[in-house]
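Notes for the one structure printed next.
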Amino acid sequence: MPAVSKGDGMRGLAVFISDIRNCKSKEAEIKRINKELANIRSKFKGDKALDGYSKKKYVCKLLFIFLLGHDIDFGHMEAVNLLSSNRYTEKQIGYLFISVLVNSNSELIRLINNAIKNDLASRNPTFMGLALHCIASVGSREMAEAFAGEIPKVLVAGDTMDSVKQSAALCLLRLYRTSPDLVPMGDWTSRVVHLLNDQHLGVVTAATSLITTLAQKNPEEFKTSVSLAVSRLSRIVTSASTDLQDYTYYFVPAPWLSVKLLRLLQCYPPPEDPAVRGRLTECLETILNKAQEPPKSKKVQHSNAKNAVLFEAISLIIHHDSEPNLLVRACNQLGQFLQHRETNLRYLALESMCTLASSEFSHEAVKTHIETVINALKTERDVSVRQRAVDLLYAMCDRSNAPQIVAEMLSYLETADYSIREEIVLKVAILAEKYAVDYTWYVDTILNLIRIAGDYVSEEVWYRVIQIVINRDDVQGYAAKTVFEALQAPACHENLVKVGGYILGEFGNLIAGDPRSSPLIQFNLLHSKFHLCSVPTRALLLSTYIKFVNLFPEVKPTIQDVLRSDSQLRNADVELQQRAVEYLRLSTVASTDILATVLEEMPPFPERESSILAKLKKKKGPSTVTDLEDTKRERSVDVNGGPEPAPASTSAVSTPSPSADLLGLGAAPPAPAGPPPSSSGGGLLVDVFSDSASVVAPLAPGSEDNFARFVCKNNGVLFENQLLQIGLKSEFRQNLGRMFIFYGNKTSTQFLNFTPTLICSDDLQPNILGFITKPVDPTVEGGAQVQQVVNIECVSDFTEAPVLNIQFRYGGTFQNVSVQLPITLNKFFQPTEMASQDFFQRWKQLSNPQQEVQNIFKAKHPMDTEVTKAKIIGFGSALLEEVDPNPANFVGAGIIHTKTTQIGCLLRLEPNLQAQMYRLTLRTSKEAVSQRLCELLSAQF
Amino acid sequence: MQFMLLFSRQGKLRLQKWYVPLSDKEKKKITRELVQTVLARKPKMCSFLEWRDLKIVYKRYASLYFCCAIEDQDNELITLEIIHRYVELLDKYFGSVCELDIIFNFEKAYFILDEFLLGGEVQETSKKNVLKAIEQADLLQESPKKTLSPIF
């Protein structure tokens with residue numbers, strides 16, 4: 001028994017622990033424990049009042065017994081008594097017992113809360129610390145009710161000790177997690193944000209955790225934390241390794257705090273203030289640079305801490321997804337780690353690259369590492385690392401590398417661990433479908449899947465292959481031939497019999513001309529498997545047989561014999577018996593015509609989300625790395641503070657009149673016959689520039705008007721008919737923009753196969769780029785609203801706006817709607833303030849006739865000064881007061897930001913009230929820009 | 001962090017700290033499952049694994065396994081160093097800590113952990129500050145006893 005070195009030892013406790021350790025058997029241990037429990041019980045019940053030390057000792061013994069895994073049903077009262085002891089040591093044990101063994105006994109909770117209240121009010125920092133630790137450990141709703149109002153005061157009070165502040169911050173965080181409704185937001189929130197500036201790094205560390213959690217739910221309230229976090233981070237990453245003293249960990253300055261600050265910044269989009277943004281970019285670059293420096297220590301703690309910060313920085317870069325340069329650097333860094341000798345780093349690099357693969361900017365860079373990742377799949381000794389490699393291959397897969405990746409996954413499947421086989425099967429099935437250019441490849445791949453891992457091929461997978469074969473007549477003959485060949489194998493998986501039976505029953509006639517696969521041979525082949533199969537497969541085969549009766553009249557007698565046999569007609573299974581009886585009867589009584597009608601080829605399946613994808617999502621849960629599209633969607637929702645308020649139909653935009661509604665419907669004719677659009681990817685990645693964009697509806701009536709409404713504003717309803725409402729919220733910064741599109745299903749029926757596509761006309765595409773960042777779920781429930789994000793980049797000035805085409809199925813009809821997305825050149829305006837003198841000096845500089853465009857036009861709206869001002873500001877330029885000598889005129893100035901250049905713009909609007917006319921003059925350094933801005937703005941008055 | 005477990009190579013639980021509300025039954029089930037999973041892993045394997053919808057970060061020090069469960073967005077490497085810093089704190093306090101120290105002074109191990117982590121988040125990363133808090137508490141423990149001694 002080691003001597004207890006510090007504090008006051010409890011000898012009785014040490015003896016008891018030794019005794020337990022010396023027990024030779026579980027029985028002996030239980031006996032010793034029961035003896036001790038009896039002893040403690042009698043002490044607690046005894047007449048003699050126990051002194052504090054004994055009480056503490058016995059409570060501690062009870063705690064030990066509990067931690068050994070035994071139930072404890074008494075002693076709580078004694079522990080609560082210890083809380084009100086004046087001796088720290090006794091109080092501390094009391095609190096520990098309560099923290100570990102919370103009891104929902106409400107009587108006790110009241111007593112405990114009372115004791116905590118006293119300690120919080122004691123102004124003794126150690127007692128306050130204990131009380132706060134206890135609240136943070138228990139974190140129950142009752143405690144939140146009692147203290148959630150109190151703790152913020154402790155946290156921001158000027159005279160609170162640093163250590164108490166730290167505990168208070170995390171205590172509040174815990175309460176907020178359990179009962180967010182009970183933590184009142186208020187004046188304290190802004191004071192908490194300023195703790196990011198605190199001198200004590202421990203306080204900053206604790207506060208950052210709290211702020212991060214609060215900011216996720218209330219982004220607006222904690223917005224100011226962004227610039228504070230950036231400057232704090234900047235000070236840390238640029239500090240010398242000794243500057244932060246004890247907060248430097250193995251030569252890495254404040255790694256925990258750095259990680260937390262980077263995490264906090266992931267609650268927000270990139271900072272809007274260019275200075276803050278620049279500083280953050282510098283920080284991230286410094287972190288990336290440091291990764292290339294030689295290590296300051298050989299200790300793994302040094303590299304772990306350094307890389308923890310690096311990985312968090314990369315997460316932030318991916319989250320912002322706006323700096324191509326940083327994204328590519330991050331990818332290269334991760335590429336180095338893929339071959340690192342530390343397994344941990346390889347694992348994390350694979351994981352992190354998965355998210356990088358979904359960014360447009362770094363997808364290509366990730367793809368360059370394909371060989372390394374495939375190699376990892378083959379050589380990694382740890383299954384969890386191999387799993388990450390599978391995930392990454394799945395994430396980096398696109399049309400260009402799909403055949404290679406699918407082949408590698410298939411070959412890995414032969415030796416893969418059982419625990420991950422089913423998931424690989426699902427992934428292969430999804431990739432094969434999503435990137436199939438040639439459906440024979442798809443059929444081969446799925447049959448290979450069944451051959452290699454038949455047991456792991458779920459129903460969804462083989463249902464899907466049948467759906468696809470039935471819907472695509474170009475592959476039916478090939479499928480029939482291939483399943484026929486695969487069935488020749490002496491031992492084949494039952495799933496293959498199912499697929500083979502179904503496909504031959506439908507399309508066996510396509511190969512019946514070949515004497516090697518004549519009707520009889522086909523039938524005998526299938527029937528040779530019959531007795532080995534389970535009941536559902538046999539039932540399926542019986543249906544195949546009756547289909548054969550229709551397809552091949554020459555085998556009808558053979559099949560009737562089989563159906564007539566006792567093993568069928570008198571089968572103990574009621575389903576098999578019934579099928580045999582009915583099919584036999586059908587084959588005898590029905591005429592050829594009736595048979596042909598009843599047993600006609602299956603009609604095409606309605607297009608729907610691949611059930612396989614749904615299965616993978618279900619299997620992996622909603623918050624996994626694999627399901628990149630979902631993960632990203634969730635994140636961006638976080639950024640914007642949860643579900644956005646729906647653009648209500650009562651907003652300023654007037655609802656189209658009933659007649660317009662009808663027209664709106666008329667504009668969406670049923671789909672033209674032929675294969676439904678995007679049959680290759682129900683619910684999969686929407687490739688916005690793919691050639692497969694099918695027939696696009698003409699622009700919806702009224703969409704032009706709505707478009708004009710958005711020139712001077714960013715939010716509102718863009719389109720509405722009886723079925724669908726499309727709302728927008730957008731934000732623009734310099735040459736970048738982000739548009740949130742909300743699709744509302746106004747009906748009570750679900751929309752199926754809901755596919756929005758963004759179309760940028762050819763001459764526009766190089767100048768204005770729009771990317772749908774993730775697809776929406778192809779099913780939109782009745783009354784539901786779904787959100788989609790479009791990222792926009794203005795490369796150079798442009799006139800045409802991208803078109804949003806939406807196709808979906810409502811009831812039995814196909815709907816097709818197109819609207820212009822209101823992305824106009826003026827969205828990339830940054831206002832510029834300037835004095836009168838400067839304005840006219842520049843005005844004169846732009847006197848070249850090509851630089852000026854003027855329009856004189858009649859007012860379409862009442863000429864109201866305030867409305868006009870608001871429109872000019874909404875247009876994006878600064879409204880310059882007291883510049884024009886005539887106060888009735890309006891002048892504005894701003895800069896259009898494109899990726900390639902910046903264009904300075906000046907404008908002047910002269911109203912003539914008498915004539916109800918305007919004269920608008922635009923002067924910019926580029927004629928096309930002057931022209932376009934003039935057009936856009938003229939239409940506003 | 002959702003919870004931290006310390007267990008021996010023989011699978012005996014030495015310390016458990018839960019930062020999410022769970023029933024005793026659920027805690028026991030999780031512990032049993034995780035101890036099994038982690039003990040079954042080979043020495044050179046990676047320190048992270050996916051488990052249910054959580055990420056497990058673990059590391060072995062001599063005969064003891066330290067195992068933390070973190071959430072999807074949490075940082076694995078920094079969690080590994082949380083474990084290391086905790087081991088350093090124990091080591092400094094007990095003077096080259098061993099499993100027995102933690103068995104016999106489990107309450108101290110809890111106190112140190114509470115100073116370092118609170119509600120599942122790092123409260124204080126400075127070794128000096130954490131130990132100062134613990135030592136102050138130890139002083140408080142000793143002083144009242146001295147004043148009491150004449151009575152006995």
Side-chain angles (χ1 to χ4, degrees), chain A residues 1-2 4-8 14 17 21 60 63-64 67 69 87-89 92-93 96 126 129 133 136-137 139-140 163 166-167 170-171 173-174 178 201-202 205-206 209 246-247 249 254-257 259 263 301 304-305 307-308 311-312 343-344 346-348 381-382 384-385 387 621 623-624, chain B residues 13 15-21 24 28 41-42 44-50 53 72-73 75-82 84-85 93-95 98 100-101 103-108 110-111 114-115 118-129 133 135-138 140-142 144-145:
Chain A
M1 188 181 76
V4 179
S5 51
K6 309 219 174 170
D8 65 332
I17 296 175
R21 286 180 51 75
C60 214
L63 187 56
F64 181 78
L67 290 171
R87 281 187 213 134
Y88 182 79
T89 159
Q92 195 183 23
I93 294 291
L96 180 60
T126 33
H133 288 186
S137 291
S140 66
S163 64
Q166 287 166 272
S167 302
L170 295 178
C171 189
L173 164 61
R174 175 69 198 269
T178 23
L201 280 187
T205 308
S209 292
D246 212 28
Y247 289 91
Y249 179 81
W256 281 280
L257 179 54
V259 166
R263 179 89 194 87
Q301 283 75 30
N304 279 351
N307 291 327
F311 274 105
E312 205 61 50
T343 314
N344 288 345
R346 295 198 302 274
Y347 176 96
L348 294 175
R381 276 193 256 155
D382 185 344
S384 36
V385 186
Q387 164 89 60
S623 58
T624 54
Chain B
L13 194 58
L15 186 139
Q16 46 175 319
K17 187 78 195 181
W18 303 84
Y19 298 110
V20 283
D24 285 347
K28 279 187 184 167
R41 290 175 62 86
K42 298 193 187 78
K44 287 272 164 168
M45 284 187 164
C46 111
S47 311
F48 320 124
L49 56 126
E50 275 186 347
D53 55 347
D72 194 43
Q73 335 78 312
N75 188 308
E76 291 98 336
L77 283 175
I78 208 72
T79 310
L80 210 48
E81 294 319 299
I82 286 179
H84 188 75
R85 170 79 354 147
Y93 181 78
F94 289 109
C98 67
L100 281 183
D101 291 320
I103 297 173
F104 279 93
N105 303 286
F106 67 94
E107 79 280 13
K108 291 283 188 298
Y110 274 102
F111 298 149
D114 281 347
E115 289 295 333
L118 193 60
E121 299 282 338
V122 175
Q123 173 172 225
E124 178 54 85
T125 66
S126 155
K127 200 151 60 169
K128 270 188 216 149
N129 288 354
E135 266 149 25
Q136 262 174 0
D138 278 340
L140 279 174
Q141 290 192 352
E142 275 157 7
K145 221 171 61 179

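Naming: A, B, ... by sequence-line order, numbering from 1 per chain.
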Are the side chain of A:D246 and the backbone of B:K128 linked by a donor-acceptor contact shorter than 3.5 Å?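 Between the backbone of B:K128 and the side chain of A:D246 there is a qualifying donor-acceptor contact (under 3.5 Å).
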
Can you tell me if A:N344 uses its side chain to pair, donor with acceptor, with the backbone of B:S47 under 3.5 Å?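 It does hold such a pair.
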
Got a sec, which residues hit side chain to side chain contact (heavy atoms under 4.5 Å, CB included) with B:K28, two or more places apart in sequence or on another chain?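 Partners of B:K28 under the side chain to side chain contact (heavy atoms under 4.5 Å, CB included) test: A:D71.
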
Set of side chain to side chain contact (heavy atoms under 4.5 Å, CB included) partners for A:S209, sequence neighbours left out: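 For A:S209, the residues satisfying side chain to side chain contact (heavy atoms under 4.5 Å, CB included) (neighbours in sequence not counted) are A:L170, A:L173, A:K260, B:E121.
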
Is it the backbone or the side chain of B:L15 that comes under 4.5 Å from a heavy atom of chain A, or both, or neither?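 Neither part.
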
Select one option (side chain, backbone, both, neither) describing which atoms of B:K17 are under 4.5 Å from chain A's heavy atoms.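 Side chain only.
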
Begin from the C-alpha positions of A:D382 and B:R41 and carry the test salt bridge (charged side-chain N to carboxylate O under 4.0 Å, His left out) through to its verdict. CA-CA 9 Å; A:D382 185 344; B:R41 290 175 62 86; 2.9 Å; yes

What part of A:S167 is in contact with chain B, defined as an atom under 4.5 angstrom from a non-hydrogen atom: side chain, backbone, both or neither?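 Both the backbone and the side chain of A:S167 come within 4.5 Å of chain B.
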
Measure distances from A:Y249 to the heavy atoms of chain B and classify the residue's part below 4.5 Å as side chain, backbone, both or neither.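 Interface part for A:Y249: side chain.
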
Under 3.5 Å, is there a donor-acceptor pair linking the side chains of B:E124 and A:Q166?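 Side chains of B:E124 and A:Q166: pair found under 3.5 Å.
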
Do A:H133 and B:Q123 have side chains that approach each other closer than 4.5 Å (heavy atoms only, starting at C-beta)?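 Yes, side chains in contact.
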
Quick check for you: among B:H84, B:Q73, B:R85, which has the greatest number of heavy-atom pairs under 4.5 Å with chain A?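 Between B:H84, B:Q73, B:R85, the count favours B:H84.
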
How close do B:I78 and A:A308 get, heavy atom to heavy atom, and via which atoms?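 That would be N-CB, 3.6 Å.
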
